[in-house]
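What follows is a set of notes on a single structure, which appears directly below.
Letters A, B, ... mirror the listed sequences (proteins, then strands); counts begin at 1.
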2 protein chains.
Amino acid sequence: MATIKDVAKAAGVSIASVSAVLNGSGRVGEGARGRIANAIEAVGYAPNTIARSLRLGHSHLIGMVVGDITNPFSGALVRTVEKVAIANGFSVIVSNADGDETRVPEIIDQLRGQHVAGIILNPMSRSDALVKQIESRPLPPVVTMDQKLPGLACDYVGIDNRAAIRMLVEYLVRLGHTRIALLSGRVGRWTADERYEGFVAAMADAGLVVDPSLVARAGYEGESGYEAAGAMMTRQDRPSAIVAANNIIALGALQSCLDLGFQCPADISLAGMDDVPWSGLVRPKLSIVGQPIADMGELAISWLLERIRAPDGAIAPRERIFRPFFAAGDSCRDIRPASPPSPPPPSSRPLSPRPISSRRRAMAQ
Amino acid sequence: MATIKDVAKAAGVSIASVSAVLNGSGRVGEGARGRIANAIEAVGYAPNTIARSLRLGHSHLIGMVVGDITNPFSGALVRTVEKVAIANGFSVIVSNADGDETRVPEIIDQLRGQHVAGIILNPMSRSDALVKQIESRPLPPVVTMDQKLPGLACDYVGIDNRAAIRMLVEYLVRLGHTRIALLSGRVGRWTADERYEGFVAAMADAGLVVDPSLVARAGYEGESGYEAAGAMMTRQDRPSAIVAANNIIALGALQSCLDLGFQCPADISLAGMDDVPWSGLVRPKLSIVGQPIADMGELAISWLLERIRAPDGAIAPRERIFRPFFAAGDSCRDIRPASPPSPPPPSSRPLSPRPISSRRRAMAQ
DNA sequence: CTGTTAGCGCTTTCAA
DNA sequence: TTGAAAGCGCTAACAG
């Protein structure tokens, strides 16, 4: 591997000059600059970022902790973050907690060891181990997503989970539904708890009772949605509508209903959170509340880069709660006894039929 | 950040002893060992892997170059690779070429600069820039996926793309189709070329002519599939069946047909490559030829780790071509004049109705 | 404008 | 069993 020394020798200059050229400080003369550029090409030199990092005291690596890399939500987020990071000379280490929040602390220790310049963190929960670790160890700049981390001087980017679920519940209520089920993630997983609480509050505000047996807290995976929905749909007093707390659960629930021979929305109405790339092709098209992933990802990485560049403690903790958006599909039935054919959606964001490609782009960029 | 020096001072020993304890060389006495362990805990020491990497000449980072991180195919691959890598003490840097093969060389240079221990590389094409770079620069151990890189002493993991497309064509031919279109990726993109050639060969073997105007080489993105299919379907002599060279194209094409008011499979038959997580919920369910992603990812990272641990040049280049599998959906119509209702699928792999969750797992793990 | 040099934190000889 | 010291490749004073 060619080093800066080789370049210097090939160009007949000192390593300081090579370094200066590499870092753009204009202290090098035209002639030398040209010879150095040639030498770099000739010896196939690529700067050793490890040595540079050691010298500088920090790397140009950014750690990104996602809950589940196979969720298209994560993929879209990673893509956005990576794009901005690379444009700024940083690389991204993606760490996948694989749905298990207890893995977060060890992932962070790993990242600490890599001396990453900053971390974009979905903490997933507020486990004791995580809190303890964060309190006891120094951390690089951090931007949290999905869940706030109180007591840590970091930024937070998220959406209002309660409001999001509320939009879903209110939509269903307006369609005449009263017996509404909720499928959410496991207890202790932050967004799952928030969405659960939003559900309870919205139901109460609508004057409806929450049947505890119609609330499942099984997990964010497709299996969970499939099984929980199956259990509810095979009961005598099955719900008329199901709210799913994420995209994967919703798809699992839909599959379960179809497998059991139910029609959607004829027999069961279904509404979920988060967009999926091919939502336009899933039949029936799901009514959803989505998150502006690209905007969120861009803000998160921008804030992180600011923090990395700013002197320690110069930036006060910031937070931005994005507005979720509603997109009506045809997975929910109007079951009011006598009523106009269709109520207006609760949000201004229209859902015209558009090709999946553009919908995908809307989600991914 | 505490360094090895701080630990040494706190323990009243030299840094050499601390290092020895950290690395398990048993040259340190009991007493010293105990004091060092305490000191490490007391100062909250985490080894600086950057310094260690500089000293050792290599990092515990693995670079992974994917074609398009938003393609669920990539997500599943990353997940598998990362899981195995972490279990072996490595971290993964994910680099996204974002569909643009000309970005691969610079990505590799980036990774070289990071002094990654190895690279899992989807070269995407065999561009001059890439070949030149690979010939002229030293590279860490490499395992290529999707496309072989001749002349490089590395391993290769892929599938037989021609055979995969052939399965699709033969399936359609058996259903009585003769006017079959192909939507593939751009010219120069390896898998796209291979799949195109497989298509031509399979058509010839079936005694069918390839209508050049029914072959699109627009790109692997959903937009491409949408537009190309739209153009073909609005012609007078539209095809009776379309073969899509990847999952995203297939979904775009399906959306396009539906938007134009065509029924699938009544008006148009559609078959594609690669599974998608929610394939069970897309209506109609697509007939596809898939790749055993998890197996491929696991082999790739295992081979890479072997190469990283082996002395230079100790392992001869290996390659493994996985068998693609066929999974029948109901997106293809039998248009033979008088015939039995349905032909047997060309492969033994059954496609029973299964919940998306398990299908997802089948794809992702 | 250019070169010399002191470290960044670590591992690893080599002496003691 | 221990410690001193060299040096991985780079950047940034500082000296010329």
Report task. Report the nucleotide, chosen from D:dT2, C:dT2, D:dC10, that has the shortest atom-to-atom distance to any side-chain atom of B:Val28. Result -> D:dT2

Query - Of the listed nucleotides D:dG9, D:dA12, D:dA5, the one nearest the side chain of B:Ile15 - result: D:dA5

Report task. Please tell me which of the listed nucleotides, C:dT12, D:dG9, C:dC10, lies nearest to the side chain of B:Ser19? Result -> C:dT12

Query raised in the report: Base, sugar-phosphate, or nothing: which does A:Leu56 touch, judged by heavy atoms less than 4.0 Å apart?
Result: sugar-phosphate

Query raised in the report: Would a distance-only check, ignoring hydrogens and angles, find a side-chain to backbone donor-acceptor pair under 3.5 Å from B:Arg79 to A:Ile69?
Result: no

Please set out all donor-acceptor pairs under 3.5 angstrom arising from side-chain atoms of residues 37-49 of chain B, sequence neighbours excluded.
unit_1: B:Asn48; atom_1: OD1; unit_2: B:Ile50; atom_2: N; d: 2.8
unit_1: B:Asn48; atom_1: OD1; unit_2: B:Ala51; atom_2: N; d: 3.1
unit_1: B:Thr49; atom_1: OG1; unit_2: A:Gly113; atom_2: O; d: 2.3

Report summary line: Of A:Ile4 and B:Glu30, the one whose nearest nucleotide on DNA chain D sits closer to the 5' end is B:Glu30

Query raised in the report: Does OP1 or OP2 of D:dG3 have a side-chain N or O of B:Ser14 closer than 4.0 Å?
Result: yes

Query raised in the report: If you check the B:Ala16 side chain, which of C:dG3, D:dC10, D:dA4 turns out closest?
Result: D:dA4

Query raised in the report: Is there a donor-acceptor contact under 3.5 Å from the side chain of A:Asp6 to the main chain of A:Thr3?
Result: yes

Query raised in the report: Which nucleotide, D:dT2, C:dC10, D:dA12, lies nearest any side-chain atom of B:Ser17?
Result: D:dT2

Query raised in the report: Counting distance only, does the side-chain N/O of B:Glu319 pair as donor-acceptor with the main-chain N or O of B:Asp155 below 3.5 Å?
Result: no

